[in-house]
Amino acid sequence: MVYNRIKHILPCFHFNGRFVSVEELTSGNINSTYHLTYKNGDHTIQYTLQHINRFVFKQPEKVMENIELVTAHLYGDLLRNGEDPTRRVLELIPTLNGNSLLVDEAGDYWRAYKFIDNATPYNSVIKPRHFLEAGRAFGEFQRRLSTFPAERLNETIPDFHNTTRRFYAFVAAIADDRVGRVEGLDDEIEFFFDRRKMMNEIVRRLKTGELPLRVTHNDTKINNVLIDDITDKALCVIDLDTVMPGSSLYDYGDAIRFGASTAAEDEEDTSKISLDMEKFTLFTEGFLAETNGFLTENELKLLPLGIKVITCELAMRFLTDYIDGDRYFKVKSPTHNLVRAHAQMKLLEDIEAKEDEMYRILNNLIGR
Ligand code: ADP
Ligand code: GN1
Ligand code: MG
């Protein structure tokens, strides 16, 4: 029962009122999230309680430090610009000791936020307008954080989007073959070896300074934006665990990879998977509306490279985890990571085929 997993945690946070119910939210691949409902008289108050995955986040204190800094900056920036921060920024709930992080007796790490209600994190684009809004939201996130010094943030997962390092990890997993899954994967392995040079294209430009290091979200799936149920406008960017110094190309690219695909990230029937160019255009419009003023010319003109590199990176991460015995991503079956890898490989092939068209559309939008 879900309640039994969290009941020892509830008295440790400043939750207001009487506990009523808990529901597990299962959309994420890493942490466990619980939606809590409390009542104070007639007043209903909701929270999210999250159990932090220690295999992925080795130093949860550093993750929370980043989240505290970033949410405070976003809150201040909204106020400074005369905007109401209510429901626009994640709000941490402190523990009774006044910390943002709780360590329980088993050594597990927990944190809680105020739940933003009457808003939906979509797993796929149902109304096209939502994707334009998502583009705007992730662009706005970068714009507001462009005045935050990136060096003040901890690198909570070192080399998170260092695709070149990810390739080395992939090669090491093949060599280890921990669970005997490498046999029969020749085509998949060749697929990534063939793209080895392309994978280095963003890392190389970050090193030469051709692309700047920025404060980025690093996990820009559309379900990490809450859309207001009444106005259909983007309200708040959530899931701030991976906010770190990074490249704007990855944030832009990952959002398109996930949201502009015609099928789910783990679709088994790869014939259903392609890149929807209308959705690509919508997101790009929203993103540019917020970022055209401050992204450098290099960043703007290279945005589609982000889509290609991040899709390749994630496909390879899924295959690496499959070879490694499913230690990183939550899986629903022993082949789930392989299915995910195949889906992202198919999407990448379609992205490669549409590359020229993407640059053409982007250039038109930039020039408008
Ligand atoms: P994960 O890393 O597992 O994706 P998220 O932080 O995105 O974790 O949270 C998982 C889900 O919990 C989200 O998709 C959303 O449905 C819900 N959620 C998380 N925080 C909030 C919040 N403050 N308000 C409303 N819903 C939230
Ligand atoms: C993980 O937890 P979630 O679902 O938001 C992963 C991302 C991947 C994503 C793929 C910390 O994100 O990098 O792109 O799965 N997060 C981490 O769905 O590795
Ligand atoms: Mg999420």
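For the single chain, residues carry numbers from 1 onward in sequence order. First listed ligand is number 1; within each ligand, the first listed atom is number 1. What's counted below: heavy atoms across the whole structure, side chains too, no hydrogens, waters or symmetry copies.
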Which atoms of ligand 2 have any heavy atom of [X] under 4.0 Å away?
| X | answer |
| --- | --- |
| F160 | 11 (C), 13 (O), 17 (C), 19 (O) |
| T242 | 11 (C) |
| E265 | 10 (C), 18 (O) |

Ignoring hydrogens and geometry beyond distance, is a side-chain donor-acceptor pair present between [X] and [Y] at under 3.5 Å?
| X | Y | value |
| --- | --- | --- |
| E24 | H35 | no |
| H73 | T147 | yes |
| H8 | D104 | yes |
| N154 | Q59 | no |
| K197 | N200 | no |

Checklist entry - Below 3.5 angstrom, do we get any N/O pair linking N224 and ligand 1? => result yes
Checklist entry - Can you check whether N29 has an N/O within less than 3.5 Å of an N/O in ligand 1? => result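 N/O-N/O distance below 3.5 Å does not exist for this pair.
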Flag, side chain of [X] to backbone of [Y], donor-acceptor distance under 3.5 Å:
| X | Y | value |
| --- | --- | --- |
| T291 | L295 | no |
| T216 | M244 | yes |
| D159 | R165 | no |

Item to check | Nearest-option assignment for atom 8 (O) of ligand 1, heavy atoms, candidates Q46, Q50, E24, K330 | outcome: Q50
Item to check | Option whose closest heavy atom lies nearest to atom 18 (O) of ligand 2, chosen from K221, Q344, R257 | outcome: K221
Shortest protein contact, [atom] (heavy atom only):
| atom | answer |
| --- | --- |
| atom 23 (N) of ligand 1 | K114 O, 3.0 Å |
| atom 13 (C) of ligand 1 | I238 CD1, 3.7 Å |
| atom 26 (N) of ligand 1 | F115 CE1, 3.3 Å |
| atom 17 (C) of ligand 1 | L25 CD1, 3.5 Å |
| atom 2 (O) of ligand 1 | D239 OD2, 2.9 Å |
| atom 21 (C) of ligand 1 | T48 CG2, 3.6 Å |
| atom 15 (C) of ligand 1 | P121 CG, 3.7 Å |
| atom 16 (N) of ligand 2 | I30 CG1, 3.7 Å |
| atom 24 (N) of ligand 1 | I116 N, 2.8 Å |
| atom 14 (O) of ligand 2 | L314 CD1, 3.7 Å |
| atom 15 (O) of ligand 2 | N29 ND2, 3.1 Å |
| atom 13 (O) of ligand 2 | R317 NH1, 2.9 Å |
| atom 17 (C) of ligand 2 | Y328 OH, 3.4 Å |
| atom 3 (P) of ligand 2 | D219 OD2, 3.5 Å |

Item to check | Nearest atoms (heavy-atom pairs only) where D326 meets P334 | outcome: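 For D326 versus P334, the nearest heavy atoms are OD2-O, 3.8 Å.
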Checklist outcome for this item: Heavy atoms of H336 and K330 approach each other most closely as ND1-O, 4.4 Å
Next on the checklist: When you measure from the centre of the six-membered ring of F55, is the NZ or CZ of R327 closer than 6.0 Å and no more than 45° off the axis?
Outcome noted: no
Checklist entry - Just checking, K221 and F258: is the charged tip under 6.0 Å from the six-membered ring centre and within 45° of the axis? => result yes
Checklist entry - Under a 4.0 Å heavy-atom limit, does F258 contact ligand 2 with its side chain, its backbone, both, or neither? => result neither
Checklist entry - What part of D239, side chain from CB on, backbone N/CA/C/O, both or neither, has a heavy atom under 4.0 Å from ligand 2? => result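 Side chain only; the backbone of D239 stays clear of ligand 2.
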Do [X] and [Y] have their ring centres less than 6.0 Å from each other?
| X | Y | result |
| --- | --- | --- |
| F193 | F167 | yes |
| F138 | H217 | yes |
| F15 | Y47 | yes |
| F19 | Y3 | yes |

Checklist entry - If you measure from each heavy atom of K221 to ligand 1, is any distance below 4.0 Å? => result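 The answer is no, since K221 has no heavy atom less than 4.0 Å from ligand 1.
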Next on the checklist: Please list, in number order, the atoms of ligand 1 under 4.0 Å from a heavy atom of N223.
Outcome noted: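 Checking each atom against N223, I get 14 (O).
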Item to check | Numbered atoms of ligand 1 (with element) below 4.0 Å of L90, judged on heavy atoms | outcome: 23 (N)
Checklist entry - Hey, is there an N, O or S on D239 sitting under 2.8 Å from the Mg ion (ligand 3)? => result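 Yes.
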Checklist entry - Backbone or side chain, does N224 get an N/O/S atom under 2.8 Å to the Mg ion (ligand 3)? => result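 Checking the Mg ion (ligand 3) against N224, an N, O or S atom does fall under 2.8 Å.
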Checklist entry - Are any of the N/O atoms in H161 less than 3.5 Å from those in ligand 2? => result no
Checklist entry - Short N/O distance, under 3.5 Å, between N218 and ligand 2? => result no
Checklist entry - Heavy-atom distance under 4.5 Å between the side chains of R88 and E140, does that happen here? => result yes
